[in-house]
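Numbering starts at 1 and runs along the sequence shown.
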Amino acid sequence: MPAKSSPTIARPKRPPPVLICGKCLSKIDGGKKLKQALKAELKRAAAQGGKRPKLVTTSCLGICPKRAVVTASAATLGRGEYVLIEDRSEAAAAVRVLIEE
């Protein structure tokens, strides 16, 4: 079988995922509620048009703030930025930054 000359590219129908650090979630009080709030805000933002991005829990992203959770998306990583969320009241503002293009 001959070797491929280029990699296969797949383009999913849903938007790129939003990444959230599982280590940060476990360290702060109310981490589970923050994740639920972020997921609800992503769903609310997608209701205006299209599918919602998946919220994917990752291992450590290497930022490790005190009293905050690190999140990122394709849009923020393209700009070299991470979004830090301290509590669930900041979820709506964080989603606006995470899914803007």
**Request:** Evaluate the side-chain proximity of L84 to V70: yes if any heavy-atom separation is below 4.5 Å, no if none is.
**Result:** yes
**Message:** Determine whether a donor-acceptor pair (N or O, by modelled atom type, separation under 3.5 Å) exists between the side chain of T76 and the backbone of L98.
**Reply:** no
Return a table of donor-acceptor pairs under 3.5 angstrom between the side chains of residues 50-66 and protein atoms on other chains or two or more places apart.
unit_1: T57; atom_1: OG1; unit_2: K35; atom_2: NZ; d: 2.8
unit_1: T58; atom_1: OG1; unit_2: I20; atom_2: O; d: 3.4

**Request:** Flag yes if more than 12 heavy atoms outside R67 fall under 6.0 Å of its CZ atom; otherwise flag no.
**Result:** no
**Request:** Could you tell me which non-hydrogen atom of I28 sits nearest to which non-hydrogen atom of A68, and how far apart they are?
**Result:** CG2-N, 3.9 Å
**Message:** Taking V69 as the starting point, is it possible to reach Y82 by hopping between hydrophobic residues whose side chains are less than 4.5 Å apart?
**Reply:** no
**Item:** Between SG on residue C21 and CD1 on residue I85, distance to nearest 0.5 Å
**Value:** 11.5 Å
**Item:** Gap separating the CD atom of E41 from the CZ atom of R44, nearest 0.5 angstrom
**Value:** 4.5 Å
**Prompt:** So if you build clusters from Ile, Leu, Val, Met, Phe, Trp, Tyr with side-chain heavy-atom gaps below 4.5 Å, do L19 and I99 land together?
**Reply:** no
Can I get a per-line list of side-chain donor-acceptor pairs under 3.5 Å for residues 86-93, giving both atom names and the distance, sequence neighbours left out?
unit_1: D87; atom_1: OD1; unit_2: S89; atom_2: N; d: 3.1
unit_1: D87; atom_1: OD1; unit_2: S89; atom_2: OG; d: 2.5
unit_1: E90; atom_1: OE1; unit_2: E86; atom_2: N; d: 2.8

**Message:** Return the CD to NZ distance between Q36 and K32, rounded to the nearest 0.5 Å.
**Reply:** 6.0 Å
